[in-house]
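Everything below concerns the one structure shown next.
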Amino acid sequence: MDVGSPLYMSPEGIIMNTYGEKTDVWAFGIFIYELLHGVSPFMDCRTNTVLRKAVSNPIPECKFLPTIKQDLRYLINVLLTIDEYKRPSV
């Protein structure tokens, strides 16, 4: 069963079709990124294959606007930790 928008889905949600508390933490990181940038960091992913590859890598620094402060970049990157076991919990 698919839950939510693919652009908010965590690596474990896209790759293994699992959902849990850490999936919500991931989605919150995407939400913060969108609030600051106006678009999803994965907006250019047109297929599930491309999206799977994208969520398996950290967001590169060049995807952040230069006006985004380092502490916000850090928060987003922590929330978007690829390994769900290393991602913070709610």
Side-chain angles (χ1 to χ4, degrees):
M1 169 175 71
D2 290 336
V3 178
S5 168
L7 295 179
Y8 286 85
M9 291 180 90
S10 63
E12 63 274 12
I14 291 173
I15 295 166
M16 297 177 291
N17 204 24
T18 60
Y19 178 87
E21 174 186 313
K22 301 290 185 108
T23 305
D24 292 335
V25 171
W26 176 278
F28 186 57
I30 298 293
F31 177 71
I32 293 171
Y33 183 97
E34 276 193 24
L35 284 175
L36 296 169
H37 293 84
V39 296
S40 166
F42 306 117
M43 197 58 156
D44 53 349
C45 299
R46 301 283 181 224
T47 66
N48 264 357
T49 303
V50 174
L51 186 57
R52 284 175 192 231
K53 184 177 179 184
V55 299
S56 298
N57 297 295
I59 295 178
E61 276 295 310
C62 64
K63 283 239 179 183
F64 287 100
L65 293 172
T67 55
I68 305 302
K69 298 205 182 273
Q70 196 61 38
D71 56 348
L72 278 172
R73 292 175 192 222
Y74 175 78
L75 173 63
I76 292 167
N77 281 319
V78 166
L79 296 174
L80 299 180
T81 299
I82 295 163
D83 183 346
E84 68 178 303
Y85 299 105
K86 293 181 181 175
R87 197 177 309 142
S89 62
V90 178

Same apolar cluster: I82 and L51, side chain cutoff 4.5 Å:
no
List the atom pairs, donor and acceptor, that lie under 3.5 Å between side-chain atoms in residues 55-67 and the rest of the protein, sequence neighbours left out.
| unit_1 | atom_1 | unit_2 | atom_2 | d |
| --- | --- | --- | --- | --- |
| S56 | OG | R52 | O | 2.8 |
| N57 | ND2 | K53 | O | 2.9 |
| E61 | OE1 | R73 | NH1 | 2.4 |
| K63 | NZ | P41 | O | 2.6 |

Can you find a heavy atom in the side chain of P6 that is under 4.5 Å from one in the side chain of I14?
no
Is there a path of hydrophobic side-chain contacts, each under 4.5 Å between heavy atoms of I/L/V/M/F/W/Y residues, joining F42 to F31?
yes
So do the side chains of M43 and H37 get within less than 4.5 Å of each other, counting heavy atoms only?
no
Under 3.5 Å, side chain of E21 to main-chain N/O of V90, donor-acceptor pair present?
yes
Residue pairs involving residues 24-36 (criterion salt bridge (charged side-chain N to carboxylate O under 4.0 Å, His left out); sequence neighbours excluded):
none
Using the rule side chain to side chain contact (heavy atoms under 4.5 Å, CB included), only one of V25, L75, I32, I30 pairs with L80; which is it?
I30
Cluster partners of V78, using ILVMFWY side-chain heavy atoms under 4.5 angstrom, listed by chain and number?
Y74
Answer yes if Y85 and M16 sit in the same cluster of Ile, Leu, Val, Met, Phe, Trp and Tyr residues linked by side chain heavy atoms under 4.5 Å apart, and no otherwise.
no
Considering all heavy atoms, the nearest L79-R87 contact
O-CD, 3.3 Å
